[in-house]
Amino acid sequence: MATPREGPRRRRLHPIMAAPQTTRTRSQRVATVELPPGRLESLLGQLRRGAVVLRLAMAALACLALVIITRGWDPPPDFAPGDVPSRDLTAQVEFSRLDERATREARDRARRIAEAVYDNDPALLTQLAAQVKNEVARLAGAVEPDEEDLAIWARYAPPRAEGTPEPSEDERLKDLEEFRAALADDDARVSFSKALDETLAPLEQRGLLAAQPTDANAQTIIVRRSGREGFEQVVPVREALIGNARNDLDQSLRRLMPSLDLARHAFARINPELPITLTLDEAATREQANREAAEVEPVYERFQPGDRLAVAGEPLGETQLDLLQRDYEEFLAQRSVPEVLLRGLSVFWLDAVMLALCGIGLYRANPEAIFELPRYTVLLATLLVAVGAMVAVSGSVWRLELIPLLLLGMTLAIAYRHQSAVLLTATAGLSVAIASGWSLGETAVAVAPSIAAISLLDSVRHRSKLLMVGFGAAVAAILTTLAVGALQGQPAWPMIRLAVATGLWCVVAGALLTVSLQLVEWAFRVQTDWSLIELGDPAHPLLQELVRRAPGTYNHSITVASIAEAAAESIGARGLLVRVGAYFHDIGKMLKPGYFIENQGQSGNQHDALVPAMSTLVIIAHVKDGADLARQNHLPQCIIDFIEQHHGTTLVEYFYRQAQKKSAEQDAKVDESRFRYPGPKPQTREAAVLMLADAVESASRALVEPTPSRIENLVEDLTRKRLDDGQLDECGITLQEVHTVGESLIKSLTAVYHGRVKYPDQETA
C-alpha cells in the first residue's frame, strides 16, 4: 500500500498533451532527473548535518541487537521436536547424562539396606533385675520358708529334660536349702547381685529384639535410648535378637555367678520373663532410609564422540532429544573464545548486508522511512520486536513463528510499498533462519505466506480486508507446507496437521492486525483507506463548520474531490487519499470567507477596499489558517500536507497584475516573491493531482461557455503553467502521468458542464 508521502520515482520522457514543439522547457528537464532537486537538496542538507551518520549508527546497533536476540555467536542445533532424521545422529563431543533409572535403583537399594531405627526401653530389664534381687534376698533371709516362698522358689526351678519325672517335694526343699546355703552370707548375696547386674548390663544397653527387621538392613540396626535423643548406637541384629540373647545370658550367668547352681537357678527365673525392649520407630526409619538414599552419588551414563544418539528414519522422542540437547550444550561449552567471536562477527556481517539491501530498497521506494528519524526508529524497533518474538516461539513443531512474521509483513505493507515490505520481511525471516538452523524448505514455509499476504494487501477499505488477506495467506501457507513436506518425504498425517496449523496462524495474524490497526497507523504515521473513509465523513465537525461558514468553498471542495479522485486513480495513485485531502484543503477559508469569490454574494467584493499586497496576504493566509485548524482538530499529517502544498509556491496572479499596474503608474518595481504562496511545492503525486484539480476547477467556473474544447484548452494552459513554474519538480510525477491526469480532468469537467436541453417556460397556475 502506498504511503501518504510517497517517495520520488524515476522519471521517464513522455510527450505531454498536443502542443507545439519548442526548446527544452524546465518541465522537460525535470523529467530526466533521477531525484527531484528539492529532495536532493534535502538529502544533502541531512548529510551535512550528520543525519546519515546517525542513521548508520542506529542500523549498526540494530545489527548488534539482532545478533544478541538470535544468539548469533552460537551455531543452531541440527534437530528439533518431531524431526525424522534422514541419517543417524551421533555425538559431537564427550558428554555425560544422568542415568535416572540406575540412580533410582541405587537409591532404592540404599533404602532397602538402611538400618532400621529402634527405641530401647531398658526399664523392663531393670525392673526384672530388681525383682529377682528382692526374691533372692527374701529366700535367703527367710527363717522357715512359707508357702509364698515356695511359690517364689518354683520360678527358679530349671526346666526338666523331656521324659524326666517331676522332682518330689523333698527334692524341691533340698534344692531350696542348698540355694539358701549358697547365699547365706552377705558377701555371697552381693556377688550374686553384682553378677546379675553385669549379665543384664549389655542387654540393657543394646536392647532385645523380637524378630529380624524386614525391608531394612538385616545385619545391623540403630538403637537409641528412649528419652535420650542423640544417643544412638549401631547394634548387630544377631546380638539383639532375643533368642541369641538368651544363649548369651546363660553363658554370662555361668561365667559370672559364684556357682553353676546359682547360675542355673537365676537363668531359670529370668529366661521366661526376658522382655522385648526395642520398639521400631517407623518415622525415624523412613528418615534414615531417605538420608541413606540421598547420600548415594548420582549415576551418569557417558557418551563418546561418534556414539549414536538417534536412529535414521525414526521420529525423535524425548530420550533422543535429551541426548542431542546435552551433546549440543556440551559442544557449545567446549568452543574457544575465538570461535565464538568469529561466528558472532559473521552473523553481524550477514545482518548488516541484509539491512543495507533493505536500506537501498527503502531509499528508492520509501525514502521518507529513512529521512524521517521517528519513522526510521519505529521501523527498526518493529523489526527487532518481530525477530525477538519469532526467536521466542521458534522450535515449536507447530511453527508459531509464522504469526509474528506475518504481522511484520502485513504491517510494513500498510506502512510502506510492497517491495520495501518484502525486503524487510525476508530479512527478518532469514535472520531467524540463520539463528534457528532452518532448512531451505522450512524457510520457504515461513516466508512464503508473508509474501503472499503482502501481495494481497493493496488497500484496507473494509473491516474484513485483513481477515481476507489472512485467508489468502493461509492458502499459500497450506500449499507451501504440503509441497515442502512432499519433497522432504514427510509422513502424510503429520504433514497435513502442520499445513492446517500454518494456515490457521495466517488467519490469526489477520485477526490480530485487524484489532491493532489503529496502533499501526499511529506508530507509522500512515492512514489506511479504512481510516480515510471515516475521516471523510461529511459529518466531520470541520466540514460541518465549513458548510455553515463558507458554503461556496465547501461546494468547490466537493467538486475538486470528485475530479481529483478520478485523476489520481488514472495514474495508480491513492484516489481516496486525494478525495479526503480535497475535502479539507480549503478549510482555512472559513475564517475569512467573504474574501473568496465563491462565497461572495450580492454584497460586493471586499478586496476593492484593499491594496493588492494586503489582498494577497489575506488570500495566502488561508493555507496557514487551514493547517492550524487541521492540527487543532488532530487531522493526520497526510491531510495537513495537502493543505500546505495544494498551492505550492504559485503566484497570486490577479493581485500581482494589479500591483504591476499600480507600480507602472508610480514607476516602482513589484517584488514577485511577496505575491507567491509560501509552499512547499507538492511532495507527492497525490498533492500534485490536487494542485492541478484545484486550479482547473476554480478557473472553469469563470468560463462563459464551458465547451469541451474550451475546457481542454484551459486544462492544458494551467498544467503547462504549473510545469513551467516548477511546481511539479519535487513530487516524483512523470510527464506521461501529467498527461494522463490532464485527460482525466478534461473528461470530468466536461461531464460536470455538459449541455442541457432548454425547456419552454412553464405557465404558472
Side-chain angles (χ1 to χ4, degrees), residues 1-11 33-36 38-47 51-52 54-56 58-59 62 354-384 386 407-428 450-451 453-455 457-460 517 520-529 531-532 568 571-574 576-578 581 636-642 645 680 682-688 730-734 737:
M1 181 182 296
T3 62
R5 302 191 51 158
E6 297 187 0
R9 302 173 65 187
R10 183 178 182 85
R11 301 194 175 188
V33 178
E34 181 71 17
L35 282 176
R39 299 297 290 274
L40 183 59
E41 292 174 2
S42 175
L43 176 59
L44 293 175
Q46 290 182 9
L47 284 170
V52 171
L54 174 61
R55 285 156 177 75
L56 289 176
M58 293 174 64
M354 289 189 291
L355 282 184
L357 293 176
C358 291
I360 294 174
L362 283 171
Y363 175 75
R364 291 181 176 274
N366 299 95
E368 68 278 0
I370 298 177
F371 296 159
E372 299 177 15
L373 188 59
R375 299 188 69 180
Y376 183 68
T377 304
V378 170
L379 176 62
L380 292 180
T382 303
L383 179 65
L384 294 178
L407 288 174
L408 174 67
M410 290 191 288
T411 298
L412 296 178
I414 291 173
Y416 304 110
R417 292 186 179 177
H418 287 179
Q419 57 264 42
S420 301
V422 169
L423 276 174
L424 289 164
T425 303
T427 297
S450 300
I451 295 178
I454 293 171
S455 302
L457 195 57
D458 50 356
S459 63
V460 185
L517 183 60
V520 171
E521 292 179 340
W522 173 81
F524 287 91
R525 297 197 300 174
V526 296
Q527 293 293 314
T528 62
D529 288 354
S531 299
L532 289 174
I571 61 172
R574 294 185 65 188
L576 180 60
L577 176 63
V578 176
Q637 183 61 42
C638 59
I639 302 301
I640 298 175
D641 290 340
F642 281 117
Q645 299 171 19
Q683 300 295 304
T684 65
R685 295 187 302 160
E686 286 80 4
E730 301 178 11
C731 62
I733 195 170
T734 65
E737 290 171 340

For Tyr416 and Ala369, the nearest pair of non-hydrogen atoms, with its separation, is CE2-CB, 3.3 Å
May I ask you to test the Arg685-Cys731 pair for a side-chain heavy-atom distance under 4.5 Å?
no
Yes or no on side chain to side chain contact (heavy atoms under 4.5 Å, CB included) for Met58 and Thr377, after CA distance, side-chain angles and deciding distance?
CA-CA 8 Å; Met58 293 174 64; Thr377 304; 3.3 Å; yes
Could you give the distance from CZ (Arg55) to CG (Leu380), rounded to the nearest 0.5 Å?
10.5 Å
Using side-chain heavy atoms (C-beta onward) and a distance below 4.5 Å, is Ile733 in contact with Thr684?
no
Using a 3.5 Å distance criterion without hydrogens, assess whether the side chain of Arg375 forms a donor-acceptor pair with backbone atoms of Arg525.
no
Mind checking the CG-OG spacing from Leu577 to Ser531? Nearest 0.5 Å is all I need.
11.5 Å
Of all the heavy-atom pairs spanning Leu379 and Phe524, show the shortest one and how long it is.
CA-CE2, 4.3 Å
Please name the pair of heavy atoms, one in Leu383 and one in Ala428, separated by the smallest distance, quoted to 0.1 Å.
CD1-CB, 3.8 Å
On a heavy-atom basis, which atom in Ala568 and which in Val578 lie closest, and how many Å separate them?
CB-CG2, 3.7 Å
Tell me if a side-chain donor or acceptor on Ser455 pairs with a main-chain N or O of Ile451 at a distance below 3.5 Å.
yes
Donor-acceptor check, side chain of Asn366 to backbone of Arg417, threshold 3.5 angstrom: yes or no?
yes
Distance-minimising heavy-atom pair for Ala365 and Ser420
CB-OG, 3.6 Å
Nearest 0.5 Å, what's the CG-CE distance between Leu408 and Met410?
10.0 Å
Supply the atom-to-atom distance Thr382 OG1 to Leu424 CG, rounded to the nearest 0.5 angstrom.
10.0 Å
For a 4.5 angstrom cut-off between non-hydrogen side-chain atoms, does Gln645 reach Pro680?
yes
Drop me the distance from Leu362's CG to Leu357's CG, to the nearest 0.5 angstrom.
11.0 Å
Any side-chain heavy-atom pair of Leu532 and Asp529 under 4.5 Å:
yes
In the structure I gave you, are the side-chain heavy atoms of Glu521 and Thr528 within less than 4.5 Å of one another anywhere?
yes
Can you tell if the side chain of Ile414 reaches within under 4.5 Å of the side chain of Leu517, non-hydrogen atoms only?
yes
Is any side-chain heavy atom of Glu368 less than 4.5 Å from a side-chain heavy atom of Tyr376?
no
How close do Leu384 and Ala62 get, heavy atom to heavy atom, and via which atoms?
CD2-O, 3.6 Å
Give, for atom CD of Glu686 and atom CD1 of Ile571, the distance between the pair rounded to the nearest 0.5 Å.
7.0 Å
